[in-house]
There are 2 protein chains.
Amino acid sequence: MSDEKGTSHTMHALTELRQRILSGELRGGERLLEVPLAKMLDISRTPVREAMSRLAEEGLLERARSGFVVRAFGEEDVVDAIELRGVLEGTAARLAAERGVDAKLLAAFANIVDGLDKCLGDMPSDIDFDGYSRLNAEFHAALAKLAGSKIIERELERVSKLPFASPSAFLPDKVDIANSRSSLTVAQAQHREILVAITNREGARAEALAREHARTARRDLEQALEKKRSTIGQVVNMALFAN
Amino acid sequence: MSDEKGTSHTMHALTELRQRILSGELRGGERLLEVPLAKMLDISRTPVREAMSRLAEEGLLERARSGFVVRAFGEEDVVDAIELRGVLEGTAARLAAERGVDAKLLAAFANIVDGLDKCLGDMPSDIDFDGYSRLNAEFHAALAKLAGSKIIERELERVSKLPFASPSAFLPDKVDIANSRSSLTVAQAQHREILVAITNREGARAEALAREHARTARRDLEQALEKKRSTIGQVVNMALFAN
DNA sequence: GATTGTGTAAATGTATACATCAGAACCAAC
DNA sequence: GTTGGTTCTGATGTATACATTTACACAATC
């Protein structure tokens, strides 16, 4: 039936549906009916239900009176999701500073920051975008773990899965090199100062820095929206498969 | 089969399982098998799966490699959940202050605070515990809505459902009147100042107050644990059906 | 003409048979 | 004794038939 090896029908449906939601093919507010979806994916209703249930856990679907609808994200929701990520990363940073971090974990964190430095060579043309993007994701994942709190880590992961709230959702475009370089340099300075603040046990500073760092994403969002607005009228659902 | 009217088998299973988890009858880390549960509840596997799926959404179960296990909450998790609630309520308060609140909504919020005052009469014996408890829950629900952000409200609701993280989980005992009175008085003073700060658009103050307010719950938790420790060795799972 | 009732169709809810997969136990060969 | 495979068991995964609920349309009645 499915030509993917090793993946169950549920996983197939999960992947497929998530992609269609994030790409905007299934639009916010739209009700998802089991039978048509099952037919579309050429499987039975059971794995479709299972997949929808998991997507509800991820926050991409909402349970309606009965059945599911695609969760609608407006511009203000994206802004709030980014704000919330900033708040949670700030809390992770603060708790890490206040409670102290295991030396090995902190060293690994410092390594990531060093690695990010190396991605920004001296020459603008040197920028290693892929390396930066990968290490940036690692930085945020490590920060989430730094407080040593399962609860914080889990909620942070949840929020980062919301469309456009991911730390890598709005990494600057490779095309606009000049602009990219300066924003990445600023962001990287923040990465380092977050590390310093946590190392020095400066909780309030670490929190404030992490929040401010998330604002970068908000600025980039607004910039992207401005660009899009000048071309199309449509706002959200610029196809995004991030994270 | 089920003698509840109007509730589906799924809802019955959901209620039943949630209760057994919160009461500690199903212990953290325990794997839940579909067949025995279905037999126990005298229904088929399908609604059991559905109920478990919803409990996973609530955060009471975790998906394992296959199937579900009861999520284990240690003492430190409860502390973190309360901390997180404080952070989120602080964010709701700050955003409400920064962005401004619709006049009607703010008036309703103020009404709740006034109502809470009335529950604490002049005489210690006057304390209306039930009224206070109800209005306290309303206060926190209203606060969550005050920022006008669906995202914040939703995440706050999620966190408050975690065991012991609810605002009403540790309301002081009616038995110890003298002690109760002073802690409720302090808590109510915080309620009022949160209202004042939001009204005056003092974002930072509103946030700090809401965080501090949540610390009350943490103190009460630690006190409760201290008491329990002196009697039993067991820590978490003092049967709680709150929220 | 509005409202209420009823029928019908289409959706989800449920049970269950069967498929598949993973882990444990066991046996054999080395 | 250990290691390797093999089988068996018990779990979830899947399809599907059937039950139940609901929403809508259309008609009858006030």
Side-chain angles (χ1 to χ4, degrees), chain A residues 1-21 25-72 154, chain B residues 1-21 25-72 154:
Chain A
M1 204 137 294
S2 121
D3 45 13
E4 306 178 7
K5 279 196 309 187
T7 63
S8 62
H9 288 176
T10 297
M11 288 308 175
H12 177 221
L14 183 61
T15 309
E16 200 68 23
L17 289 179
R18 181 165 38 216
Q19 197 238 322
R20 290 180 198 215
I21 292 166
E25 186 181 332
L26 297 171
R27 274 185 291 184
E30 185 174 341
R31 185 171 174 195
L32 293 186
L33 301 181
E34 295 175 7
V35 178
L37 286 179
K39 208 171 286 181
M40 180 204 293
L41 298 170
D42 199 24
I43 56 182
S44 81
R45 281 170 53 210
T46 311
V48 172
R49 277 171 87 97
E50 177 69 20
M52 290 200 295
S53 171
R54 292 185 189 224
L55 286 170
E57 273 178 61
E58 287 183 22
L60 259 41
L61 297 183
E62 278 176 334
R63 284 184 193 275
R65 231 184 354 77
S66 97
F68 297 85
V69 299
V70 179
R71 189 163 166 201
R154 185 185 164 116
Chain B
M1 207 137 290
S2 119
D3 45 12
E4 306 179 6
K5 278 195 311 185
T7 63
S8 62
H9 288 176
T10 297
M11 288 307 174
H12 177 223
L14 183 59
T15 309
E16 201 68 24
L17 289 179
R18 181 167 37 219
Q19 197 239 321
R20 291 182 197 212
I21 291 167
E25 185 181 334
L26 296 171
R27 273 185 291 185
E30 184 173 343
R31 184 171 175 195
L32 293 186
L33 300 180
E34 295 175 7
V35 179
L37 287 180
K39 207 171 287 182
M40 180 203 293
L41 299 171
D42 199 25
I43 56 181
S44 80
R45 281 171 53 210
T46 312
V48 172
R49 278 171 86 95
E50 177 69 19
M52 291 199 295
S53 175
R54 291 182 191 228
L55 287 170
E57 277 176 54
E58 287 183 22
L60 259 42
L61 298 182
E62 278 176 334
R63 284 184 194 274
R65 228 185 2 74
S66 98
F68 297 85
V69 301
V70 179
R71 190 164 165 199
R154 186 186 163 114

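A note on names: the letters A, B, ... follow the listed sequences, proteins ahead of strands, and every chain is numbered from 1.
- Atom CD of A/E16 sits about 9.5 Å away from atom CD1 of A/I43, to the nearest 0.5 Å.
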Practice task
Might you work through the side-chain contact (heavy atoms from CB on, under 4.5 Å) test for B/E58 and B/L55, ending with a clear yes or no?
Solution key: CA-CA 5 Å; B/E58 287 183 22; B/L55 287 170; 4.0 Å; yes
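- With rounding to the nearest 0.5 Å, the separation of CE in B/M52 from CZ in B/R54 is 13.5 Å.
- A 4.5 Å side-chain heavy-atom check between B/S8 and B/M11 finds at least one atom pair inside the cut-off.
- In this structure, A/R31 and A/L33 have side chains that are in contact, with non-hydrogen atoms separated by less than 4.5 Å.
- In this structure, CD in A/E25 is found 9.0 Å from CD in A/E30, a value given to the nearest 0.5 Å.
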Practice task
Produce a footprint string for nucleotides 8-14 of chain D: one letter per nucleotide, 5' end first; B if the base is under 4.0 Å from any protein heavy atom, S if only the sugar-phosphate is, - if neither.
Solution key: ---SBBB
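- Each end of the helix from C/dG1-D/dC30 to C/dC30-D/dG1 gets its own axis from five base pairs, and the two axes differ in direction by 10°, given to 10 degrees.
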Please report, to 0.1 Å, the donor-acceptor pairs under 3.5 Å made by any side chain of residues 60-71 of chain A, with sequence neighbours excluded.
{"unit_1": "A/R63", "atom_1": "NE", "unit_2": "B/E57", "atom_2": "OE2", "d": "3.0"}
{"unit_1": "A/R63", "atom_1": "NH1", "unit_2": "B/E50", "atom_2": "OE2", "d": "3.1"}
{"unit_1": "A/R63", "atom_1": "NH2", "unit_2": "B/E57", "atom_2": "OE2", "d": "2.6"}
{"unit_1": "A/R71", "atom_1": "NH1", "unit_2": "A/G59", "atom_2": "O", "d": "3.0"}

